[in-house]
Amino acid sequence: MPQITVHGPALSTYVRTTRMILEETNTPYELKPVDILSGEQNAPEYLAKHPFGKVPTLEVDGQYLYETCAIAEYLDAAVNNGGFTPDDLMTQARMRQIMAIVDSYLYGPAISTITIQRLIVPSQGGETDTAAVEAAIPKVQTALKAIEAIATCSPYLLGDTVTLADLYLLPVVFYLSNTPDWEAVISETPQLKTWWDTASQLPSFRQVLK
Ligand SMILES: N[C@@H](CCC(=O)N[C@@H](CS)C(=O)NCC(=O)O)C(=O)O
C-alpha cells in the first residue's frame, strides 16, 4: 500500500473529490492542510509541489501529482481497481465529459463567483457583489442542464453505481445548496435535484464535509 498524503484544505471541492475516493475505499491517507484563504498555496514551499498554486496535490511515496482529473483516475486505478470508472466506453466518455464540464464551465461561476461572494466574502466582513452573482446564475444553470442532458440520475449520474463524475459534482453542488441562490440554480434541472438528494447521503461525502 503506498504512503498517501493529500495536500490541501478540507473545505476545497477538489480536495473533497480526492478524499472521497480514499474514504470510499478505506485507504489510509494523511490530510495536510494548506490555508488557501491566507495564500499559503502561493508560498515557495507549496509551489515546489504544484507550480500553479492550486489544491490539491497528491503525494504518493514522495512523488507529487496535481490536477484532480489525473489524481482521481490514478487513485481509482491504484486503490479501487477502476471501480469508479464505467466499463462501457461511451459511459466512460460521459463520465469524463461531466468532469470536464465541472472544470471548464461550472466551477468558475458556482465556486469562484457564487460561493465566494455569498459565503466567503460576508464571512470575512465584506459585501456580496450581487451583480456578479446574478450574472453567474445563468452560467451555472447552463452547466447543470448540460450535465442533466447526458446523465441518467438513476440514482447516480451514470447509473446504479457511483462514478468519478458523482465525486466531481457533489462538492460543487454542496456549496450551491448552501447559498440563497439554490432554488434558482437547481429549479430547471429536477433530475439533478433528485440525484443530489440521494447522492449527498453517501457516507464518504458526509465524512469529507466534517
Ligand atoms: N485544475 C485544478 C483546479 C484546482 C482548484 O481550482 N482548486 C482551488 C480550490 S477548490 C484552489 O486551489 N484555489 C486556490 C486559488 O485559486 O488560489 C485541479 O483540477 O486540481
Side-chain angles (χ1 to χ4, degrees), residues 4-23 29-60 63-79 84-85 93 95-124 126 129 132-133 136 139-140 143-144 146-147 157 163-179 181 185 200 204-205 207-210:
I4 295 178
T5 304
V6 179
H7 296 265
L11 53 69
S12 151
T13 62
Y14 288 112
V15 169
R16 284 177 173 162
T17 295
T18 301
R19 291 181 63 208
M20 279 185 77
I21 302 168
L22 296 163
E23 295 285 343
Y29 68 99
E30 186 184 353
L31 179 66
K32 278 210 175 148
V34 176
D35 185 354
I36 59 172
L37 297 181
S38 73
E40 195 184 341
Q41 72 276 29
N42 296 314
E45 194 189 323
Y46 186 75
L47 288 174
K49 302 179 184 74
H50 190 320
F52 299 99
K54 301 284 181 187
V55 292
T57 298
L58 188 76
E59 184 179 347
V60 183
Q63 292 196 77
Y64 295 113
L65 180 64
Y66 60 83
E67 288 307 292
T68 307
C69 56
I71 292 171
E73 297 222 22
Y74 166 77
L75 284 178
D76 188 32
V79 303
F84 293 133
T85 301
M95 177 191 83
R96 296 201 178 96
Q97 190 180 5
I98 291 171
M99 292 160 73
I101 291 170
V102 171
D103 279 341
S104 301
Y105 309 113
L106 180 62
Y107 183 89
I111 303 298
S112 305
T113 302
I114 296 179
T115 301
I116 297 288
Q117 288 300 325
R118 289 295 199 196
L119 305 178
I120 306 295
V121 167
S123 76
Q124 299 193 329
D129 180 345
V133 170
K139 294 179 184 170
V140 170
L144 294 181
I147 292 172
L157 286 176
T163 71
L164 296 179
D166 297 283
L167 308 186
Y168 248 66
L169 189 57
L170 275 167
V172 177
V173 173
F174 169 76
Y175 277 119
L176 289 172
S177 76
N178 281 286
T179 70
D181 310 297
V185 297
S200 61
S204 61
F205 184 54
Q207 177 65 23
V208 301
L209 294 181
K210 288 178 188 164

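Residue numbers run from 1 in the order of the sequence given. In listed order, ligands and their atoms are each counted from 1.
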Practice problem: Could you tell me whether a side-chain N or O of Gln117 sits under 3.5 Å from a main-chain N or O of Asp129, the two making a donor and an acceptor? | Solution: yes
min-distance protein heavy atom vs atom 3 (C) of ligand 1 -> Tyr14 CE1, 3.7 Å
So the atoms of ligand 1 within less than 4.0 Å of a heavy atom of Lys54 turn out to be 4 (C), 5 (C), 6 (O), 11 (C), 12 (O), 15 (C), 16 (O)
### Query
When you check the side-chain N and O atoms of Tyr168 and Thr68, is any donor under 3.5 Å from an acceptor?
no
Taking the side chain from Asp76 and the backbone from Leu164, do they hold a donor-acceptor pair closer than 3.5 Å? no
- request: Report yes if Cys69 has an N/O atom closer than 3.5 Å to an N/O atom of ligand 1; otherwise report no.
  value: no
protein heavy-atom neighbour closest to atom 1 (N) of ligand 1 works out as Glu67 OE1, 2.8 Å
Mind checking whether Tyr66 has a heavy atom under 4.0 Å from ligand 1? no
task = Without swapping roles, check the side chain of Thr113 against the backbone of Val133 for a donor-acceptor pair under 3.5 Å.
result = no
Note: ligand 1 atoms sitting under 4.0 Å from heavy atoms of Ser12 are 9 (C), 10 (S)
For atom 19 (O) of ligand 1, the closest protein heavy atom turns out to be Thr68 N, 3.0 Å
**Asked** Side-chain donor-acceptor pair under 3.5 Å between His50 and Gln41, yes or no?
**Response** no
Treating Asp166 as the side-chain partner and Thr163 as the backbone partner, does any N or O pair qualify as donor plus acceptor under 3.5 Å? yes
of all protein heavy atoms, closest to atom 13 (N) of ligand 1 is Ile36 CD1, 4.1 Å
Taking only non-hydrogen atoms of Thr13 and a 4.0 Å limit, the atoms of ligand 1 in range are 10 (S)
Residue, atom and distance of the protein heavy atom nearest atom 9 (C) of ligand 1 read Tyr107 OH, 3.4 Å
*asked:* Quick one about Arg19 and Tyr29 (side-chain donor to acceptor, distance below 3.5 Å, no hydrogens or angles considered), yes or no?
replied: yes
Quiz item: Any donor-acceptor pair under 3.5 Å linking the side chain of Tyr14 with the backbone of Cys69?
Solution: no
Atom 7 (N) of ligand 1: closest protein heavy atom, distance to 0.1 Å, is Val55 O, 2.9 Å
For Gln41, the atoms of ligand 1 under 4.0 Å from one of its heavy atoms are 14 (C), 15 (C), 17 (O)
